[in-house]
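Sequence lines set the chain letters: A, B, ... in the order given, protein chains first and strands last, and positions in each chain run from 1. The model shown is predicted, which means the values in this text are computed figures rather than measured ones.
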Amino acid sequence: MTRPPGLLYSVDDTPPWAVLVVASLQQVAVMSNSLTYPIILAREAGLSATHMLDFVSLSMLTLGIATVLLCARSRFIGCGYLCPAGYTQIYLGPSLFAVKIGGLALAYGMIIVAGFLQLAMAPMLRRMRALLPSEIAGLVIAIVGLSLASLGLQYGLGITDRSGFEPKHLAIAGVSLVTMIVLNIWTKGYAKMFCVLIGVSVGYVASAAFGLLDITPLLPEDGLGILRLPSVEYISWHFDFTLLAPFAVVAVATTLRAMGDIANAERLNDNEWVRPRFGPLAGGVAANGLASILCGIAGTTGLNTYSAAVGLSGATGITSRVVGYGAGVAFALLSLVPAAAVGFAALPAPVIGASMFFSSAFVFIAGLQMITARLLDSRKTIVIGLSFAMAVMADVYHDLFTHVPLVLQPIFDNGLVLGTVCAVLLNLIMRIGVRQRVTMKLDAGHVNRDTIERFLTEQGGRWGARREIISRAIFGVVQVLEVVGDVPEGTVVEASFDEFNLDVRVKYKGAPLIIPERKPTPREIIASEEGERLLAGYLLRQSADRINCKAFGNVAEVQLHYDH
Amino acid sequence: MNKTALRMEDSHAGPVCILSIGGRIDSGNAADLLDRLNGLLAAGEKTILLDLKEVLYLTSAAFRVLLVATDEAERNAARVALCGLAGQVRELFEMGGLLEAFTIHGSREDALNRL
């Protein structure tokens, strides 16, 4: 693992106390934006002000516990990275649907079911790796970035229908967003680290000045105490297996998003990141499932890893997992303080919008980087391009998609879910006809470098191999053929691939290559062609992760292995 | 145009002759590069800067040409420097342990300030 240059506190670092406390509170401020989703659910269910306060407090408590579970580094639970939790719009559609037909009790019951499904998926991720490659995780992250931007704009401008926007919202969101951007780009130290928290605070003050801060609807009749244990008396659970399909889709979509977020958190800590490790992925997805079960039990909506919080850690350079523990504990403690619950629930929409819009840039670019690290041929282009387009279409033609059959509505109702489902299905279909082992014969006198480059590049695209590894393989084959020379019987190049290995074999009639251990000196290279051959062998040994030269009768074979 | 084919274009910045190279350099075209470099030295160029920014990769044959040309320049009281090494090209220099064998600058601007 190589530490990226801009990182201030990496995953295993423990920041000084002052930085830890403020960085944790900053994560709390960003994560609290996601409380919007349970609040929407509670409003739709018509909860009273007292129950609403209990509901928000319990949502904060489970958010805190979920964040600690997700960030924990243990064998079975937790990804070990700063990957905080957040309530998600993925659960919102199916939960609202459940509320309509069976009240909050049915929504809670089905959220528990979705949590169990996700928990069951966690240990199977390794076997499912071909179905969920890195570029699809990248796509999910990019779509999340886009939906964060869309929501950010909606909240930031106070758009309730398509007729116009609120100038006051624009002013508050603008001041808040500009503060975050200016501090992030043109300052250093604490101002850069805590740009979002400062931006949110500025937005809060501006909202009060513009008269947009109204907490009265959230105050219970008997007033607010200093400390208060939230009541759970009103919570009950029902199950309806006709709702299993939409909540199963929710489990798959939240799993993919968790995979993308955890991969992003890993990437932020490692300059040489190439693919997510399955240990952190399985632990993170298991923690996400367990957390959603807790949410259902505690009477709130389901949650997911929170891409905006991971994006924030990238923007500020603080990726220490201890910050996750800090944010989790802070949320759990604040859930006992009614004033804090009211404060979060009353967070003005333009401020939520500004911080969502700010984070969306980092989330979106992280997704694009994960996608473009892979070679993309026509198949992969169709998988990624069309799925991305479908995700956008779900929002653009939202009204049209309300006419799809009821069972499919949870999929078409949400761009992220639709894009994810499209990507997984298209990826399955596009795998038809892609061979994992391919061979090319080069006739004598036709050892054309362009042909080799085209062959490996096209095949790498079909496999979705990393660009950098295919470039190394092209160099390896060209260098081998340069040393072997033009063999009268021709040469055969064979390549095979799985997600972890690229193996290339070059077969020809002749003596096996001798690969030197010793590095030739510049003087030796200049002196003779033998010096150049020594350099060729040495470069081959260094550029491949493993090299073997064998002879089978009069046929020699150079085996080049590249870790992928 | 084939983007991997060898491309060479020279220009001048004061006393420095800049040879911008692009594409792939291997045994099939290394001799062309050597001819071009020898031609520049024969024409009396005393400072030649090879900008490798557009090079995709280079094989052992190319490294030999670069070493031979550098050696030839030194014997003619001239000098050859490199710039624009990035990605796989830089890795190959590192792998071959050849970073020390050449005068290497970061960017073209950096090289022109120092030469």
Side-chain angles (χ1 to χ4, degrees), chain A residues 272 373 445-457 466-486 513 515-545 547 562, chain B residues 1-7 22-34 37-38 52 54-76 79-82 85-104:
Chain A
E272 291 173 0
H446 292 86
V447 180
N448 186 327
R449 276 84 171 165
D450 294 333
T451 313
I452 296 159
E453 278 171 11
R454 209 166 37 245
F455 169 68
L456 285 174
T457 306
R466 284 166 51 214
R467 201 177 295 277
E468 174 220 335
I469 299 295
I470 292 293
S471 297
R472 277 168 62 197
I474 289 171
F475 165 78
V477 174
V478 170
Q479 184 67 83
V480 166
L481 294 176
E482 206 168 283
V483 179
V484 168
D486 198 359
L513 283 190
I515 303 294
E517 295 278 355
R518 186 176 70 84
K519 181 173 70 180
T521 64
R523 194 46 56 195
E524 283 175 307
I525 299 167
I526 294 168
S528 70
E529 288 193 357
E530 184 50 33
E532 184 191 315
R533 281 177 70 87
L534 277 174
L535 176 64
Y538 189 74
L539 283 174
L540 279 170
R541 184 179 289 286
Q542 296 294 312
S543 70
D545 291 302
I547 182 165
Y562 301 91
Chain B
M1 194 179 75
N2 184 347
K3 70 171 188 171
T4 65
L6 177 64
R7 304 182 300 280
R24 172 187 69 223
I25 322 174
D26 56 28
S27 61
N29 55 28
D32 298 340
L33 174 60
L34 187 59
L37 288 168
N38 282 338
L52 305 184
E54 300 292 322
V55 172
L56 297 173
Y57 66 88
L58 64 176
T59 64
S60 55
F63 280 113
R64 181 156 190 261
V65 161
L66 292 177
L67 286 166
V68 167
T70 305
D71 195 49
E72 183 66 17
E74 280 170 10
R75 281 193 274 117
N76 286 294
R79 56 182 171 164
V80 171
L82 313 181
L85 275 66
Q88 194 182 8
V89 171
R90 187 168 189 92
E91 279 175 19
L92 287 167
F93 272 86
E94 283 170 7
M95 285 174 195
L98 292 166
L99 285 171
E100 305 297 318
F102 299 97
T103 304
I104 296 174

Legend entry - Check: A:Gln542 side chain, A:Leu539 main-chain N or O, donor-acceptor pair, under 3.5 Å: no
Inset, instruction - Considering only heavy atoms and a distance below 4.5 Å, find which of B:Ser60, B:Ala101, B:Gly96 pairs most often with chain A. - result: B:Ser60
Inset, instruction - Pick whichever of B:Leu58, B:Leu92, B:Val65, B:Val68 has the most heavy-atom pairs under 4.5 Å with chain A. - result: B:Leu92
Inset, instruction - Could you check A:Glu453 against B:Arg24 for salt bridge (charged side-chain N to carboxylate O under 4.0 Å, His left out), going step by step and ending with a plain yes or no? - result: CA-CA 11 Å; A:Glu453 278 171 11; B:Arg24 172 187 69 223; 3.0 Å; yes
Inset, instruction - Report the option among A:Gly531, A:Gly537, A:Ser528 that has the most heavy-atom pairs separated by less than 4.5 Å from atoms of chain B. - result: A:Ser528
Legend entry - All pairs passing side-chain hydrogen bond (donor to acceptor under 3.5 Å, both in side chains) where residues 62-74 of chain B contributes a residue, at least two apart: A:Arg523-B:Asp71, B:Glu72-B:Arg75, B:Glu72-B:Asn76
Inset, instruction - Not counting sequence neighbours, which residues clear side-chain contact (heavy atoms from CB on, under 4.5 Å) with A:Arg454? List them please. - result: A:Asp450, A:Thr451, A:Glu458
Legend entry - Residue B:Leu98 versus chain A: region with a heavy atom under 4.5 Å: side chain
